[in-house]
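A quick write-up on the structure given underneath.
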2 protein chains.
Amino acid sequence: MATRTTRRPERREEPLSRERVVESAIELLDTAGESGLTFRALAARLATGPGAIYWHVTGKDELLSAATEAVVSRTTASGTADPTPQEAIRALALGVFDAIEAHPWVGAQLASAPARSPMLRVFEHIGRQVQTLGVPHTAQFTAASALLSYILGVAGQNAANARGCPPNTNRTEFLATVSAAWADLDPDEYAFTRDVADQLRVHDDRAEFLAGIDLILTGITTHREPTDPAPS
Amino acid sequence: MATRTTRRPERREEPLSRERVVESAIELLDTAGESGLTFRALAARLATGPGAIYWHVTGKDELLSAATEAVVSRTTASGTADPTPQEAIRALALGVFDAIEAHPWVGAQLASAPARSPMLRVFEHIGRQVQTLGVPHTAQFTAASALLSYILGVAGQNAANARGCPPNTNRTEFLATVSAAWADLDPDEYAFTRDVADQLRVHDDRAEFLAGIDLILTGITTHREPTDPAPS
DNA sequence: GGCTGCTCTGGAACGCCGTTCCAGAGTGGT
DNA sequence: ACCACTCTGGAACGGCGTTCCAGAGCAGCC
């Protein structure tokens with residue numbers, strides 16, 4: 001009140017920008033979850049009104065896409081030289097996996113809009129390693145697509161699990177609860193599920209994810225005819 | 001106005017019920033998409049008010065779950081005796097795949113809430129076939145989870161694609177458009193994607209999906225490389 | 001028949017959402 | 001001094017999920 005317009009080095013300490021909007025959106029998504037990202041909450045965090053945000057972003061869809069793009073692109077950026085294509089694919093997949101574990105909302109976003117830009121880069125990198133693996137040209141699309149679909153599937157599941165209990169229960173307790181629920185299922189209708197309830201309780205998400213990748217990689221590198229001896 | 005309470009055989013021609021609510025919700029989702037399911041629209045279709053629906057359903061989450069459950073359970077119901085476990089798994093996966101193609105909203109729903117009931121039954125059936133395949137006990141959970149994750153991943157992608165262009169373009173035209181977009185990408189940054197743009201244009205979703213299933217099945221049934229050191 | 005208690009209805013209202021609108025502040029060019 | 005342009009932010013709109021509640025219909029008991 002005392003000073004009205006004097007003593008203002010810039011219009012505000014930091015002017016609005018698309019970058020700042022997206023960054024704040026990511027923080028909001030990380031702290032308050034997917035439902036926490038609101039134009040009003042975002043405006044409050046940026047000390048402005050909802051209308052101002054629309055000058056830098058066309059709408060919520062673009063905002064979510066930009067936030068996802070920003071997070072995923074960081075994982076793709078770190079290009080380490082891996083000795084084998086298999087390890088390169090594992091590293092690539094783990095990058096996406098870790099990004100989703102750190103930001104569960106990315107999983108839900110990717111699972112429901114994969115054709116967009118961020119995952120296309122992952123697809124490209126996977127495809128190159130598939131080529132390096134010596135996969136026949138006609139099977140390369142299938143192989144890369146299968147790997148991508150699997151990654152996106154795990155992404156969605158992890159996001160769903162993280163949404164189930166974001167703040168409170170630690171992972172061990174959560175797994176114990178679900179495992180106990182599985183063990184209490186009908187023995188006739190859910191014989192298998194009951195049988196693996198123990199494995200669910202002690203399993204490691206990252207290891208299971210990688211094991212699935214390896215399963216697909218084995219399928220890709222194994223010739224269709226089972227008479228082929230194990231390649232190395 | 002003429003007759004007030006006379007001439008009414010029942011309170012209404014058909015009383016509200018949870019079954020009728022869920023069924024109408026499915027119809028609404030199929031015709032108007034995920035965003036078309038609204039308590040007001042649902043109330044209009046049922047010739048009632050929004051409040052009445054809450055007597056039969058606790059909220060929108062349960063409504064969506066019930067609708068998904070209803071659609072998925074129909075696919076699991078048809079139990080045909082398949083000669084081999086592989087074919088049984090393929091049939092199971094195709095059932096889910098077809099259900100999602102017929103109701104794209106199911107894909108999005110499954111991809112973002114897989115731990116719930118409907119997919120647990122699929123998991124159970126897959127797991128039994130995995131057991132029949134002779135997979136070692138310690139690897140059964142991994143194998144079934146990988147298959148389920150892959151199915152859910154494809155589910156999400158199909159749902160996203162269907163959401164991109166629900167009514168208008170036929171599939172061939174859509175694929176041609178995306179394929180052309182891929183072919184126009186930067187040759188350095190997207191060499192592989194450009195290379196498989198042709199395969200994208202002519203590919204068959206069902207066949208690709210099954211090919212991915214077969215990749216994982218091959219990985220499951222192929223013995224690990226004997227020289228492979230235990231990877232953590 | 002009345003009366004009561006229960007199930008079920010459906011319209012009104014609440015608060016929040018994404019989005020649009022627009023008056024106007026700030027700023028650089030002439 | 002003026003203008004044109006970028007950018008701001010508060011108000012407002014329609015629609016959403018959800019809640020609330022007066023009351024309709026329908027047993028069952030007096």
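Numbers restart at 1 for each chain; the letters A, B, ... are given by sequence-line order, proteins then strands.
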Q: Might you point out which heavy atoms bring Ala191(A) and Glu124(B) nearest each other, and give the distance in Å?
A: N-OE2, 3.0 Å

Grab the [atom1]-[atom2] distance between [X] and [N] for me, whole Å please.
X: Leu42(B); N: dT9(C); atom1: CG; atom2: P; answer: 13 Å
X: Tyr54(A); N: dT20(C); atom1: OH; atom2: P; answer: 6 Å
X: Leu46(A); N: dC7(D); atom1: CG; atom2: C1'; answer: 14 Å
X: Trp55(B); N: dT19(D); atom1: CH2; atom2: P; answer: 14 Å
X: Leu16(A); N: dA25(C); atom1: CG; atom2: C1'; answer: 15 Å
X: Ile53(B); N: dG11(C); atom1: CD1; atom2: C1'; answer: 13 Å
X: Phe39(B); N: dG15(D); atom1: CZ; atom2: C1'; answer: 15 Å
X: Arg18(A); N: dT6(D); atom1: CZ; atom2: P; answer: 18 Å

Q) Hey, does Leu37(A) reach any base, or is it just sugar-phosphate, or nothing, if we go heavy atoms under 4.0 Å? A)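 The answer is sugar-phosphate, as Leu37(A) gets under 4.0 Å only of primed atoms, P, OP1 or OP2.
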
Q: Measure from the side-chain heavy atoms of Ala52(A) and tell me the nearest of dG17(D), dT9(C), dG9(D).
A: dG9(D)

Q) Just checking, any donor-acceptor pair under 3.5 angstrom between side chains of Thr58(B) and Glu62(B)? A) yes

Q: Classify the side chain of Arg40(B) and the base of dG15(D) as holding, or not holding, a donor-acceptor pair under 3.5 Å.
A: no

Q: Output yes when Arg194(B) and Asp184(B) qualify as a salt bridge under the 4.0 Å nitrogen-oxygen rule, no when they do not.
A: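 No, no charged N to carboxylate O under 4.0 Å.
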
Could you tell me whether the phosphate oxygens of [N], OP1 or OP2, come under 4.0 Å of any side-chain nitrogen or oxygen in [X]?
X: His56(A); N: dT6(D); result: no
X: Thr48(B); N: dT9(C); result: no
X: Thr38(A); N: dC17(C); result: yes

Q.
Could you go through Phe123(A) and Trp182(B), starting from their C-alpha distance and side-chain angles, then the distance that decides it, and tell me whether this counts as ring pair (Phe, Tyr, Trp, His ring centres under 6.0 Å)?
A. CA-CA 12 Å; Phe123(A) 179 73; Trp182(B) 281 18; 5.4 Å; yes

Q | DNA chain C: 5'-proximal contact among Gly51(A) and Pro50(B) (nearest heavy atom) | A | Pro50(B)

(Q) If you apply the rule ring pair (Phe, Tyr, Trp, His ring centres under 6.0 Å), what do you find for Tyr150(B) with Tyr150(A), and how did you get there? (A) CA-CA 4 Å; Tyr150(B) 172 74; Tyr150(A) 172 73; 7.9 Å; no

